[in-house]
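Basis for what follows: all heavy atoms, side chains included, without hydrogens, waters or symmetry-related copies. What you are looking at is a predicted structure, and each value in this text was computed from that prediction instead of being measured.
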Amino acid sequence: MSEASNPKPESETADNDVPELTGSGLQAEKSRRLAQLDEMRAKGVNPYPYRFDRSHTLAELRAQWGHLEPGSETEANVSIAGRIMLKREQGKLIFGTVRDRSSDIQLFVSKAVIGDEGFADVANLDLGDWVGVHGIVMTTRKGELSIKVSRLELLSKAVRPLPNKWTGLTDTDTRFRQRYTDLIVNEDARRAFQVRHAVISSFRRTLATKEFIEVETPVLHVEAGGAHARPFLTHHNSLDMQLYLRIALELHLKRLIVGGMERVYEIGRVFRNEGISTRHNPEFTMMELYQAFGDYSEVMAICEELIVQAARDAIGTTIVGIADPEGVVHTVDLAEPWRRASMIELIAEKTGVETHPSQPVESLRALADKVGVRYDKRWGSGKLIEEIFEFTAESSLICPTFVTGHPVEISPLARADRNDPFITERFELFVGARELANGYSELNDPVEQRLRFEDEQAAKDAGDVERGTVDEDYLRALEFGLPPTGGLGVGMDRVAMLLAGVSSIKEVILFPTLRPEAF
RNA sequence: GCACCCUUAGCUCAAUGGUAGAGCAGCUGACUCUUAAUCAGUAGGUUCUAGGUUCGAGUCCUAGAGGGUGCACCA
């Protein structure tokens with residue numbers, strides 16, 4: 001602590017023994033800081049104390065004293081804690097910036113106030129150190145709200161230097177691998193995760209007002225059903241059995257509707273063993289809800305309400321900028337009524353050709369050829385229609401759009417449309433050309449569900465690895481009676497992306513999946 | 001999986017095939033109202049890895065590693 005009295009000559013004599021203390025490479029820098037810790041311990045000071053009691057967060061401090069006149073000095077003695085982000089030394093004065101989770105504040109450290117020893121301790125602080133500060137609330141002559149420091153204690157030493165204080169950390173690899181560093185120096189990163197949190201908590205509040213019950217269902221599945229995706233495979237030792245990580249929440253949640261819970265939802269991680277892109281992470285977060293006695297139009301309304309409310313809660317507005325696939329940003333008000341259009345309507349809009357899943361595959365293959373969609377010989381009319389839709393129309397769906405009327409063939413868990421046996425009462429929500437949500441009137445006829453499962457199994461047996469199997473327990477549940485039910489699934493990461501205004505899913509997943517780093 | 005691009009100091013970035021530099025962070029010194037403080041000085045490099053071409057490679061070639069973007073996959 002008394003380094004003012006014996007500053008550097010000693011460490012320079014030590015240079016001969018500890019060459020790492022010379023220079024300013026990373027190793028030398030760490031050695032220098034670790035040596036400070038040794039000096040503190042030698043004086044009986046614990047450089048890693050157990051706790052610190054603060055009187056105010058920095059936001060509370062700003063709320064209470066944010067409007068002081070320049071040159072004011074209060075009687076208010078406060079204690080705050082945070083991380084040193086900036087330091088400006090000026091002879092017998094040191095200015096510092098401390099940041100906590102809520103805000104930041106300037107420290108005003110005067111040698112005359114804090115004393116020689118305390119002043120030397122402050123001078124020895126490095127950017128990144130955690131400190132607890134006691135002092136008086138004041139403003140400088142220029143009006144900057146500050147704390148005139150009477151005492152400062154180190155709460156934890158940063159042994160490794162922070163990235164550039166002005167440019168921050170921009171290397172994406174390092175940002176994602178060392179998310180802690182990213183969060184320290186990049187305001188935008190902190191903000192994106194605040195938005196994500198606000199979205200999820202908003203969903204929970206909205207659903208609570210509608211009397212939905214939040215549940216947790218298994219992640220380890222005997223059969224990976226509820227979606228078309230390749231699963232991750234794992235193994236349980238004592239049962240000596242193969243298990244899958246879930247690819248969807250759907251089938252367990254609907255069992256709960258059979259059980260009479262009527263309104264359930266789950267926000268949970270699902271896992272799909274597929275490619276990684278700006279829109280895909282192998283593990284991501286889905287919200288699925290099921291509501292008894294409702295159909296797809298009812299959950300469509302809930303979907304709209306959930307997302308509009310989340311926008312208000314997370315960013316305080318329903319107006320967002322949405323980039324189209326060309327990168328042009330469109331200003332969109334999410335509060336406006338969302339467009340509803342059927343898949344075959346949208347295909348007709350783009351191609352001028354009327355399609356329907358009842359048509360023979362040949363005519364749809366001809367259209368696919370015409371618009372340039374590659375297809376598999378095993379695909380039926382329904383799958384062809386979906387592919388044609390994705391290829392021709394999807395990229396133009398910038399404003400929120402409910403696409404409805406998916407063919408039965410591609411919707412094994414959705415109920416057929418009450419007016420058209422070839423399509424389902426299903427919708428997908430597209431915003432910014434990205435699929436955000438999916439919902440339908442749930443198929444509750446156990447006999448028809450078995451036939452659909454058998455079609456899935458046949459496709460899987462024919463080599464389509466993403467298709468499903470016959471889930472006998474789920475069929476048994478349906479045999480006990482699933483009431484009319486509307487179901488909804490929302491990709492929470494993508495909603496967070498939309499509202500945070502970021503273009504990569506990695507910006508809203510704290511620790512995205514990466515190859516392991518070589519150490 | 002395929003194509004293209006990137007990898008240089010702790011961080012952000014320079015460097016016609018010809019002695020690897022700067023800013024920030026660090027260190028030393030000056031400075032009692034700074035705000036990315038300023039000023040003077042100083043130190044810091046396995047140029048991602050392994051080969052190759054060349055009198056000479058951060059730069060060119062080959063292979064590999066990691067990352068990014070696009071495509072494929074993703075109902």
Give a yes/no answer on whether the side chain of A:Lys165 brings an N or O atom under 4.0 Å of OP1 or OP2 in B:rC24. no
Of A:Glu89 and A:Glu274, the one whose closest nucleotide on RNA chain B sits nearer the 5' end is A:Glu89
Among A:Glu283, A:Glu288, A:Glu266, A:Glu223, which residue meets the salt bridge (charged side-chain N to carboxylate O under 4.0 Å, His left out) test with A:Arg246? A:Glu266
Relative to the ring of A:Trp338, is the ring of A:Phe402 parallel (under 30°), tilted (30 to 60°) or perpendicular (over 60°)? tilted
Taking atom P in both B:rU28 and B:rA36, compute the distance separating them and give it to the nearest angstrom. 24 Å
Nucleotide of B:rG23, B:rA25, B:rG68 approaching A:Arg33 most closely (side-chain heavy atoms): B:rA25
If I take atom CD in residue A:Glu387 and atom P in nucleotide B:rA72, what distance separates them, rounded to the nearest angstrom? 10 Å
Within the pair A:Arg141 and B:rU32, is there a side-chain N or O less than 4.0 Å away from OP1 or OP2? no
Counting Watson-Crick and G-U wobble pairs whose two distances are both under 3.5 Å, find the runs of 3 or more in a row that involve RNA chain B. B:1-7 with B:65-71, B:10-13 with B:21-24, B:26-30 with B:38-42, B:48-52 with B:60-64
Strictly below 4.0 Å, heavy-atom distances to any atom of RNA chain B: list the hits from residues 166-176 of chain A, or just say none. A:Trp166, A:Thr167, A:Gly168, A:Leu169, A:Thr170, A:Asp171, A:Thr172, A:Asp173
Hey, is A:Asp126 close enough to A:Arg33 for a salt bridge, meaning N to O under 4.0 Å? yes
Does a side-chain N or O from A:Arg32 land closer than 4.0 Å to OP1 or OP2 of B:rG26, or not? no
Counting only heavy atoms from other residues, nucleotides and ligands, does the tally under 6.0 Å from CZ of A:Arg340 exceed 12? yes
Nearest to the A:Phe95 side chain among B:rC73, B:rC33, B:rG26, which nucleotide is it? B:rC33
A:Arg230 CZ to B:rC73 C1', in whole Å, measures 9 Å
Salt bridge check: are A:Arg452 and A:Glu456 linked by an N-O gap of less than 4.0 Å? no
Reckon A:Leu86 touches a base, only the sugar-phosphate, or nothing at all at heavy-atom distances under 4.0 Å? sugar-phosphate
Base, sugar-phosphate alone, or nothing: which one does A:Lys148 contact when heavy atoms must sit under 4.0 Å apart? nothing
Would you say B:rC33 has OP1 or OP2 under 4.0 Å from some side-chain N or O of A:Lys92? no
Between A:Arg378 and A:Glu409 (salt bridge meaning N to carboxylate O under 4.0 Å), is one present in this structure? no
Salt-bridge present (A:Asp173, A:Arg177; N to O < 4.0 Å): yes
Closest approach to the side chain of A:Arg88, judged atom by atom: which nucleotide of B:rG10, B:rU35, B:rC73 is it? B:rU35
Whole angstrom value for the distance that separates P of B:rA37 from CD of A:Gln106: 10 Å
Between A:Gln178 (CD) and B:rU12 (P), how many Å, whole number? 10 Å
Could you check how far NZ of A:Lys111 sits from C1' of B:rU32, rounded to whole Å? 11 Å
At under 4.0 Å between heavy atoms, what does A:Lys30 touch on the DNA or RNA strands: base, sugar-phosphate, or nothing? nothing
Among the candidates B:rC73, B:rC11, B:rG70, find the nucleotide nearest to the side-chain atoms of A:Thr278. B:rG70
From B:rA37, B:rA25, B:rG66, nucleotide with atom closest to A:Arg515 side chain: B:rG66
Pairwise P distance, B:rA43 and B:rC48 [rounded to whole Å]: 25 Å
Proximal nucleotide (of B:rG10, B:rA72, B:rG23) relative to the A:Asn164 side chain: B:rG23
Does the plane of the ring in A:His252 sit parallel, tilted or perpendicular to the ring in A:His221? Use 30° and 60° as the thresholds. tilted
Phosphate oxygens OP1/OP2 of B:rU38: is one of them under 4.0 Å from a side-chain N or O of A:Gln90? no
Pairwise C1' distance, B:rC5 and B:rG23 [rounded to whole Å]: 26 Å
Give one of base, sugar-phosphate or nothing for A:Glu428, where a contact means two heavy atoms less than 4.0 Å apart. nothing
Heavy-atom closest contact (A:Tyr474 atom, A:Leu443 atom, distance): OH-O, 4.3 Å
Given the P atoms of B:rU49 and B:rC11, what is the spacing between them in whole Å? 15 Å
Under a 4.0 Å threshold between the charged nitrogen and the carboxylate oxygen, would A:Glu442 count as salt-bridged to A:Arg415? no
Sticking with atom P, work out how far B:rU53 lies from B:rU42, rounded to a whole angstrom. 42 Å
Using the P atoms only, state how far B:rC61 lies from B:rG29, rounded to an integer number of Å. 50 Å
Toward the 5' end of RNA chain B, by each residue's nearest nucleotide, A:Pro163 or A:Thr140: A:Pro163
Ion pair check, A:Arg191 and A:Glu507, cut-off under 4.0 Å: no
Of the nucleotides B:rA25, B:rG66, B:rC24, which has the atom closest to the A:Leu127 side chain? B:rA25
P-based separation of B:rU16 from B:rA72 [nearest Å]: 38 Å
Could you tell me the separation between the CD atom of A:Gln27 and the C1' atom of B:rU46, rounded to a whole number of Å? 14 Å
Charged N to carboxylate O under 4.0 angstrom, A:Arg62 versus A:Asp104? yes
From CZ of A:Arg279 over to C1' of B:rC71, roughly how many Å is that when rounded to an integer? 11 Å
With rounding to the closest Å, how many angstrom separate the P atoms on B:rC39 and B:rC55? 48 Å
Round to a whole Å and report the spacing from NZ of A:Lys157 to P of B:rG26. 10 Å
